[in-house]
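See below for the structure under consideration.
Computed from a predicted model, the values in this text were never measured in an experiment.
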2 protein chains.
Amino acid sequence: MRKRILIVDDEKNIVDILKFNLKKESFDTLEAYDGRTALEIAEREKPDLILLDVMLPEMDGFTVCRKLRQTMQTPILMLTAREEEVDKVLGLELGADDYITKPFSPRELMARVKANLRRAVDDVVPQQKNEVLRCADLEIDINRYEVKRAGEIIELTLREFELVKFLALQRGQIFSRETLLEKVWGYEYFGDVRTVDVTVRRLREKLERDPSKPVYILTKRGVGYYFNSVK
Amino acid sequence: MRKRILIVDDEKNIVDILKFNLKKESFDTLEAYDGRTALEIAEREKPDLILLDVMLPEMDGFTVCRKLRQTMQTPILMLTAREEEVDKVLGLELGADDYITKPFSPRELMARVKANLRRAVDDVVPQQKNEVLRCADLEIDINRYEVKRAGEIIELTLREFELVKFLALQRGQIFSRETLLEKVWGYEYFGDVRTVDVTVRRLREKLERDPSKPVYILTKRGVGYYFNSVK
DNA sequence: TTTTCTGTTGATTAATTCTTAATAATTATG
DNA sequence: CATAATTATTAAGAATTAATCAACAGAAAA
């Protein structure tokens, strides 16, 4: 089911770019160029999420947001031009779910749209996540940031934990060092790929019975690392 | 397949530095020294990624970026001299995917180029499907870099795997040693064609029940090698 | 401050890959 | 049919590349 996003902004070219990016990620879009129309369309079309600019003719974004909240709990993501408006946006009486200040990158925008859609789904159908991953005799407790081997707690640092968690969540899947740097270390982080090797080694030192003959975190030479998929 | 990067900058020595670094990591490069030419080349050559300086003669980087976005969604990485430009670069109205401020480290540059290329691919092919080629009792798991014969895992080196994968993907099709060198080893490779023979031999050693009477990878004398096409 | 965590670097070890050359098989030619 | 020429197979060693490991230094946390 394709999600439908209502874009509300009076600047045509902003709407266009938003539309372009949303379509690229296969969302359907609706448009409104003033507050009054926005309310009408939202009412009639029941979009899955609303992107709402603060500065609007006819009726400003704050008012639109407040009114929308009276009838529907569709996620609302507010677009603000200035930092100072942020407080107001996040104000409880408004009920916006998230905000993003201009200028923003397409990537950030899409990330927030997706995050809010996800959250909306979770609220309706609370996702019961398996908080403890079990792989062989290893237990990885996502919430407690704790790893046990055969019942024994193994102390890991944050980075080590994040790495083993990431690999274990998708075990069998091989990840290149570059991908791990991006996914585990974070998008904005651009370090040396050797860093991954060193962290893997430290992890093995703690996790494995014989670090030189790893059983959990394995190397695919020339490709990357992965969590053992058997059992 | 080698990725092609279009470099757009009016300073020759910046272009050279970029080119040097990209070539070192085996990217192919295209160059443009002004905005107008950049658009032409981008249009004609469809590069995989564009490195775009903000300050340009003929047409500034912002305009070039905006124009490019109208026709293609090639990742655009903007080069900016000053921090203040960053806001503008990331501005939604532009549609640039990423930016990097001068002066930049080669490492950061390469990391960003690779990250954006990877992301572009991910966008096209969202989730990796479990691609497993089956040929007779051989299973070739593309994602896991794994080959099984009658359920038994056969350990292959990366090159061996790439070769059998390539042949199996187009089984029946005969490839000359030259073609294999080009497709499996890479464009830039100018090695001895005997290298292919040796790799085939080692592959048979592991794959075949009787390496001297191969069943999977066959020789067409005077032509080349192919993967057995009969079921 | 002291301790712990992280990222970096370089040496060492291990594995892969390429090259060479001798040998075997096949095809062409007299 | 015999022999030469071509082409492929095989083995072995050298060169290259990748991964591991150890040690250090700066940053962050206690």
Side-chain angles (χ1 to χ4, degrees), chain A residues 145 147 154-164 166-167 174-178 180-182 184-186 188-208 210-226, chain B residues 24-26 105-108 110-111 145 147 154-167 174-186 188-208 210-226:
Chain A
Y145 283 78
V147 174
I154 296 175
E155 293 293 342
L156 296 184
T157 69
L158 185 59
R159 187 74 60 174
E160 288 160 3
F161 182 82
E162 297 280 347
L163 179 58
V164 71
F166 182 84
L167 292 172
I174 305 170
F175 297 95
S176 71
R177 291 164 174 73
E178 283 82 6
L180 290 172
L181 264 188
E182 186 182 330
V184 177
W185 271 254
E188 67 288 350
Y189 182 83
F190 292 103
D192 195 308
V193 287
R194 300 281 100 206
T195 300
V196 178
D197 300 39
V198 176
T199 306
V200 165
R201 177 178 160 273
R202 285 180 182 144
L203 201 41
R204 283 174 176 161
E205 206 76 51
K206 296 178 181 180
L207 236 49
E208 304 281 352
D210 180 353
S212 297
K213 295 190 179 57
V215 170
Y216 306 113
I217 295 177
L218 306 180
T219 304
K220 194 77 189 177
R221 185 171 235 271
V223 185
Y225 296 102
Y226 64 105
Chain B
K24 207 170 61 181
E25 307 253 359
S26 66
S105 71
R107 179 197 284 169
E108 185 179 356
M110 293 314 304
Y145 289 80
V147 174
I154 296 175
E155 292 293 341
L156 296 184
T157 68
L158 189 57
R159 192 53 56 85
E160 288 160 4
F161 181 83
E162 301 263 308
L163 179 58
V164 71
K165 174 177 125 187
F166 181 83
L167 291 172
I174 305 170
F175 297 96
S176 71
R177 292 166 172 74
E178 285 78 9
T179 304
L180 291 172
L181 269 187
E182 184 182 324
K183 300 290 186 185
V184 178
W185 272 254
E188 77 284 6
Y189 189 79
F190 293 110
D192 190 336
V193 288
R194 299 287 103 199
T195 298
V196 179
D197 300 33
V198 176
T199 306
V200 166
R201 164 65 188 168
R202 276 199 312 256
L203 200 42
R204 284 175 175 161
E205 205 76 53
K206 296 178 181 180
L207 236 49
E208 305 282 352
D210 181 353
S212 296
K213 293 190 179 58
V215 170
Y216 306 112
I217 294 177
L218 307 179
T219 303
K220 189 77 185 176
R221 198 186 166 83
V223 186
Y225 297 100
Y226 65 106

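A:Glu160 pairs by the salt bridge (charged side-chain N to carboxylate O under 4.0 Å, His left out) definition with A:Lys206, not counting sequence neighbours. In this structure, B:Glu208 has no side chain to side chain donor-acceptor pair (under 3.5 Å) partners at least two apart in sequence or on a different chain. Residues passing the ring-ring contact (aromatic ring centres under 6.0 Å, His included) test with A:Tyr225: none are found, sequence neighbours excluded. B:Tyr216 is linked by a ring-ring contact (aromatic ring centres under 6.0 Å, His included) to nothing, counting only residues two or more places apart in sequence or in another chain. By the salt bridge (charged side-chain N to carboxylate O under 4.0 Å, His left out) test, A:Arg204 is found to be paired with no residue, residues two or more places apart in sequence or in another chain being considered. Partners of A:Phe175 under the ring-ring contact (aromatic ring centres under 6.0 Å, His included) rule, at least two apart in sequence or in another chain, are A:Phe166. B:Phe161 pairs by the ring-ring contact (aromatic ring centres under 6.0 Å, His included) definition with B:Tyr145, not counting sequence neighbours.
Chain A approaches DNA chain D over the interval D:dA18 to D:dA23, counting the first and last nucleotide 5' to 3' with an atom under 4.0 Å from its heavy atoms.
Straight-line distance from the OH atom of B:Tyr145 to the P atom of C:dT16: 15 Å, rounded to whole Å. In this structure, CG of B:Asp192 is placed 9 Å from C1' of C:dT20, rounded to the nearest angstrom. As a whole-Å value, the separation of B:Leu181 CG from C:dT17 P is 14 Å. In this structure, CG of B:Leu203 is placed 11 Å from P of C:dT17, rounded to the nearest angstrom. The CZ atom of B:Arg201 sits 12 Å away from the C1' atom of C:dA24 (whole-angstrom rounding).
With DNA chain D read from its 5' end, the first of the two nearest nucleotides for B:Asp197 and A:Val200 is the one closest to B:Asp197.
Across all strands shown, B:Val198 has heavy atoms under 4.0 Å from base atoms, whether or not it also approaches the sugar-phosphate. Using a 4.0 Å heavy-atom distance criterion, A:Tyr225 is classed as a sugar-phosphate-only contact.
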Which pairs, protein N/O on one side and nucleotides 3-6 of chain C N/O on the other, fall under 3.5 Å?
residue : atom : partner  : partner atom : Å
C:dT6   : OP1  : A:Arg159 : N            : 3.4
C:dT6   : OP2  : A:Thr157 : OG1          : 2.5

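If you run side-chain contact (heavy atoms from CB on, under 4.5 Å) between A:Leu207 and each of A:Val215, A:Val200, A:Val147, only A:Val147 comes through.
By the 4.5 Å heavy-atom criterion applied to side chains, B:Trp185 and B:Glu162 are not counted as neighbours.
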